[in-house]
Amino acid sequence: MRRLTILLVLAILMFSSCFKEKERESEPLLVLRYADNQPEYYPTTKAARHFADLVKERTGGKIEIRVYSNGELGNERSVFQQVQFGGIDLSRCSLGILSDVYPQIGMLQLPYLYNDSTHMWRVLDGDVGDMFLSGFSTFHAVGLCWFDAGARSFYTRSPVKSLSDMQGMTIRVQENELMSDIVRLLGVTPVQIPYGEVYSALQMMRIDGAENNMPSYVFMEHDEAAPYFFVDEHIRLPEVLVMSEAAKEKIKKVDPSFLVVMQDCAKETGRFERSLWQQAEKDALENMKAEGCVITWPADATLDEFKKAMKPIYDKYTGEEALLIEKIRKE
Ligand code: GCU
């Protein structure tokens, strides 16, 4: 009987130590914070969660990524600054807020630069895209992969059917000078407002309109106050997943091989987001029609006026930069 009790106690001890071991295995050694200013279920937020799952799985649970959506960690611009200082580990940023900090990246967001989405992806997936991703190291960040965010168009509180209808309008733009310059060339007064505040600016009639891709327009319910959507697609604006240099060092300490794991997971996530994006664009268009938005697809001649107006932006680039823009156009 005594022997049986001893065996039983031993078995219990072994079982509980195994359990503790398992518990320890599943505890992350490193927790990273990931910021996105988009709501839950938006393609980039879904992609962020996908990235977190991949990283967890491939690091055996040693790295956990906590996703903070809806701008919970601050507006996009301040989030990028925090990434640079290491206060936030990862963020998905629109290039629109980066060109004041990383001016060369403005070359990827010039108006009517790409013929279409396929053209843009040829550029981003090629050596030009890689070069710009590596360039983040100058700004204390690591560029991990590109995300799709389609093309941006204007939407307004009153109808717009041509360039002349836009004259004198006050339009919200992202917080960067390049975008302000672009809309000024269209005879519009730019107002730089963070993304999360555009809804109230429209509601309170502080602005006549804004510009964005269709999914953002729908997800943020900007159509409520600005139901006229003019599909001029003046700019195709990709987004980037960035990581802080500080996070890179922390990952290296856990296991240097995890850096490559993170990079691979990011590339895979970039492809995943692209497929989500295509569906999101279709859904947004359907939603806009159902909500009764007035969608105008301008004729080529109307678009030509917009394109012509953009020439002074291109004229600012000379030498090597002008050659690079030429290369992008011909890609
Ligand atoms: C897009 C983009 C956001 C950005 C926003 C903006 O929706 O995905 O990251 O903040 O445009 O217009 O500011």
Side-chain angles (χ1 to χ4, degrees), residues 34-48 67-83 88 90-102 105-106 108-109 111 117 120 124 143-156 170-180 182-183 188 190-202 206-207 209-223 225-226 229 232-242 269-270 273-274 276-278 280-281 283-285 287-288:
Y34 181 127
D36 196 309
N37 69 348
Q38 295 289 8
E40 285 298 320
Y41 309 113
Y42 188 87
T44 59
T45 320
K46 282 192 191 161
V67 178
Y68 297 83
S69 59
N70 249 320
E72 204 186 322
L73 298 185
N75 72 49
E76 217 171 15
R77 203 174 170 140
S78 80
V79 163
F80 184 68
Q81 282 161 357
Q82 293 185 66
V83 166
I88 292 177
L90 292 145
S91 171
R92 189 274 319 154
C93 301
S94 162
L95 290 202
I97 57 107
L98 293 175
S99 56
D100 283 353
V101 189
Y102 180 176
I105 215 154
L108 292 181
Q109 63 172 104
S117 164
M120 180 188 81
L124 298 180
L144 289 174
C145 70
W146 302 108
F147 279 1
D148 204 347
R152 295 172 78 102
S153 294
F154 291 105
Y155 47 90
T156 43
T170 301
I171 297 283
R172 176 269 170 173
V173 293
Q174 288 176 288
E175 307 97 291
N176 92 68
E177 285 314 307
L178 181 60
M179 266 317 292
S180 291
I182 290 173
V183 303
V188 158
V191 186
Q192 298 186 8
I193 302 177
Y195 186 48
E197 294 166 30
V198 182
Y199 178 86
S200 61
L202 282 168
R206 207 182 131 202
I207 47 178
E211 50 86 53
N212 215 320
N213 53 54
M214 288 183 181
S216 296
Y217 174 66
V218 168
F219 267 81
M220 301 306 276
E221 298 175 346
H222 293 173
D223 55 317
F229 199 98
D232 63 291
E233 303 195 325
H234 50 273
I235 176 173
R236 198 164 275 285
L237 193 60
E239 306 189 338
V240 63
L241 173 55
V242 284
T269 303
E273 191 273 346
R274 261 189 247 181
L276 293 182
W277 184 259
Q278 281 167 14
E281 277 189 328
D283 293 348
L285 182 58
N287 191 297
M288 286 159 64

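Since this is a predicted model, take the numbers as computed values, not measurements. When a ligand or atom number is given, it counts from 1 through the structure's own listing order.
- For the 3.5 Å distance criterion, the side chains of Tyr155 and His222 qualify, holding a donor opposite an acceptor.
- Near ligand 1, residues Asn37, Gln38, Glu76, Arg92, Ser94, Arg152, Arg172, Gln174, Tyr195, Asn212, Ser216, Glu239 each place a heavy atom inside the 4.0 Å sphere around the ligand atoms.
- Side-chain polar atoms of Ser153 and Tyr217 form no donor-acceptor pair below 3.5 angstrom.
- For residues 210-219, the pairs satisfying salt bridge (Lys or Arg N to Asp or Glu O under 4.0 Å) are Arg152-Glu211, with sequence neighbours left out.
- A distance of 12.0 Å separates CG of Leu202 from CD of Glu221, quoted to the nearest 0.5 Å.
- At distances below 3.5 Å, not a single donor-acceptor pair connects side-chain atoms of Gln109 with backbone N or O atoms of Pro238.
- Not a single donor-acceptor pair under 3.5 Å links the side chain of Asn70 to the backbone N or O of Gln38.
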